[in-house]
Amino acid sequence: MIMKAEGTNGTIAVENDEIVIHHDKGSAKLTGAEYAKIPLYSVSSVKVTDPTFMSRGFLSIGFMLSDGSTSEIAETPIKAAMHVYSLLFKPKQKDSIHAVAEYIESSIGDEIRPMPEHLRLEINTTLQQASGTAPSDPLVTSFKGEDGLRISLHQQSIRTKQESKPLSGVSARLETGQDLESRATITRLIAIGLFAFAAKKKTGGEKYVTIEGPDFAWVAEAGRKQVKEAMKFVTAVNNAARSSDSPSAQFEEQSTIAPKMPTAEANSTGLRTDDIVKIAQLHEQGILTDEEFSAAKKKALGI
């Protein structure tokens, strides 16, 4: 044993060039795993926030994923309590936690290697084996745009704060505002939202992470300093989506999910009555030009 420290919801130890975080019973229910392992050579970042009068302190560890992107670290004590690679601590545990964190940070080399996939998959089965519960859908990585939108990639889904969508049929792009506008179809305008698209259409020069699926579209603004991070996130999403679209994944999904029934109000183009009303609203607000409105109207009417 090289280093070990206790937190309020478990322990962290460094042994044989490997970090092991053990979660107590209550914490395991929140994180979805009783323990997690990270090789020192995969660690990309260590965050330590000391406890205050109002909240616990926390330690959170980020690491390189198999696609070269980095995992998400916790940013608040609440998120740390639900994060499998994090540990909470109180004031009297501060010194030992800092000692472990400093040792881990000093071990981060110039050449960071990806976390072996079997270690990431291992955490998904520990709680299932212990309690018989179904495995969770753990977080893989996430991207938070300068506009505040956070998009989280999980092993089986992709999510924002308001929505969760399956990965099947999802694609990701990093594009300019001009690219975004030139590709805008009426269904994408509706999916993104009237006001969201209006704001992004008026913004120039920045890049955007665009996530599109069969029935949705999300757009997060990527600042100039976020371009590299955004590219890694886009690659991670596309790799995950391709995996979910494999024949074996499709067979599993079809065997467990009932087919969607068509919407009663949808016309032959797939647009609902509500969508056609929104087209008119886009035109009235000046978001759609006369030419765009005319083309959208013809599409809606099947002309």
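Small disclaimer: the values here were computed from a predicted structure and weren't measured.
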#### Entry: ILVMFWY network linking Val237 to Met231, side-chain heavy atoms under 4.5 angstrom
yes

### Task
Search all heavy atoms of Val170 against all heavy atoms of Ala241 and return the closest pair with its distance.
O-CB, 3.2 Å

### Message
Once you measure the plane-to-plane angle for Trp218 and Phe216, does it fall in the parallel (<30°), tilted (30-60°) or perpendicular (>60°) bin?
### Response
tilted

### Message
Using side chain to side chain donor-acceptor pair (under 3.5 Å), reason through Glu175 and Thr210 one step at a time and then give a plain yes or no.
### Response
CA-CA 7 Å; Glu175 52 192 347; Thr210 306; 2.6 Å; yes

### Query
So, for Phe58 and Phe89, is the gap between ring centers shorter than 6.0 Å?
no

### Message
Is it true that Ser86 and Ser60 share a donor-acceptor pair across their side chains at a distance under 3.5 Å?
### Response
yes

### Query
What are the two closest heavy atoms between Ala172 and Asn238, and how far apart are they?
N-OD1, 2.8 Å

### Query
salt bridge (Lys or Arg N to Asp or Glu O under 4.0 Å): which pairs involve residues 52-66, sequence neighbours left out?
none

### Message
For Leu153 versus Ala240, what's the shortest heavy-atom pair and its separation?
### Response
CD1-CB, 4.0 Å

### Query
Is a salt bridge present between Lys4 and Glu15, judged by a nitrogen-to-oxygen distance below 4.0 Å?
no

## Note on the structure
Tightest non-hydrogen contact, residues Ile104 and Val46, listed as CG2-CG2, 3.6 Å

### Query
Any donor-acceptor pair under 3.5 Å linking the side chain of Ser42 with the backbone of Met115?
yes

## Note on the structure
d(His23 NE2, Glu34 CD) to nearest 0.5 Å is 10.0 Å

### Task
Taking all heavy atoms of Glu221 and all of Phe143, pick out the closest pair and write down the distance.
O-CE2, 4.1 Å

#### Entry: Asp67 side chain vs Ser69 backbone, donor-acceptor pair below 3.5 Å
yes

### Task
Sort and list the pairs that fulfil salt bridge (Lys or Arg N to Asp or Glu O under 4.0 Å) and have at least one residue in residues 102-115, not counting sequence neighbours.
none

### Query
Measuring from Gln156:CD to Ser243:OG, what's the distance to the nearest 0.5 Å?
12.5 Å

### Task
State, with a plain yes or no, whether a side-chain heavy atom of Ser55 is found less than 4.5 Å away from one of Pro77.
yes

### Query
Does atom NZ of Lys165 have more than 12 heavy-atom neighbours, drawn from other residues, nucleotides or ligands, at distances under 6.0 Å?
yes

#### Entry: Where at least one partner belongs to residues 71-95, residue pairs that pass salt bridge (Lys or Arg N to Asp or Glu O under 4.0 Å), sequence neighbours excluded
Lys47-Glu75, Asp50-Lys94, Glu72-Arg150

### Query
So do the side chains of Ile21 and Val84 get within less than 4.5 Å of each other, counting heavy atoms only?
no

### Message
Please check: side-chain N/O of Gln226 versus main-chain N/O of Lys144, any donor-acceptor pairing under 3.5 Å?
### Response
yes

### Message
Hydrophobic clusters here meaning ILVMFWY residues chained together by side-chain heavy-atom distances under 4.5 Å, can you tell me if Tyr41 and Ile12 are in one?
### Response
no

### Query
Do Ile151 and Ile73 share a hydrophobic cluster, counting only Ile, Leu, Val, Met, Phe, Trp and Tyr and linking them when any side-chain heavy atoms are less than 4.5 Å apart?
no

### Query
How about Thr141 and Leu65: do any of their side-chain heavy atoms sit closer than 4.5 Å?
yes

### Message
How about CD1 on Ile78, more than 12 heavy atoms from neighbouring residues, nucleotides or ligands closer than 6.0 Å, or not?
### Response
no

### Task
Determine the interplanar angle of the Tyr85 and Phe63 rings, folded into 0 to 90°, and report it as parallel if under 30°, tilted if 30 to 60°, perpendicular if over 60°.
perpendicular

### Query
Just by distance, do the side chain of Ser106 and the backbone of Tyr103 share a donor-acceptor pair under 3.5 Å?
yes

## Note on the structure
Here the pair of heavy atoms bringing Val140 nearest to His154 is CG2-C, 3.7 Å

### Query
Ignoring hydrogens and geometry, is there a side-chain-to-backbone donor-acceptor pair from Ser27 to Asp24 under 3.5 Å?
no

### Task
Calculate, to the nearest 0.5 Å, the distance between atoms CD1 and OG belonging to Ile158 and Ser164 respectively.
9.5 Å

#### Entry: Shared hydrophobic cluster, Leu40 / Ile112 (ILVMFWY, side-chain heavy atoms < 4.5 Å)
yes

### Query
What's the verdict on side-chain contact (heavy atoms from CB on, under 4.5 Å) for Lys37 and Ile19, showing C-alpha distance, side-chain angles and the deciding distance?
CA-CA 6 Å; Lys37 297 179 180 179; Ile19 303 164; over 6 Å; no

### Query
Atom OG of Ser142 and atom CD of Glu229: how far apart are they, to the nearest 0.5 Å?
7.5 Å

### Query
Linking I/L/V/M/F/W/Y whenever any side-chain heavy atoms sit under 4.5 Å apart, do Met82 and Leu88 land together?
no

### Spacing of Leu87 atom CG and His22 atom NE2 [to the nearest 0.5 Å]
11.5 Å

### Query
Less than 4.5 Å apart, any side-chain heavy atom of Phe233 and any of Ile211?
yes

### Query
How many angstroms lie between atom CG of Leu174 and atom OG1 of Thr235, to the nearest 0.5 angstrom?
9.5 Å

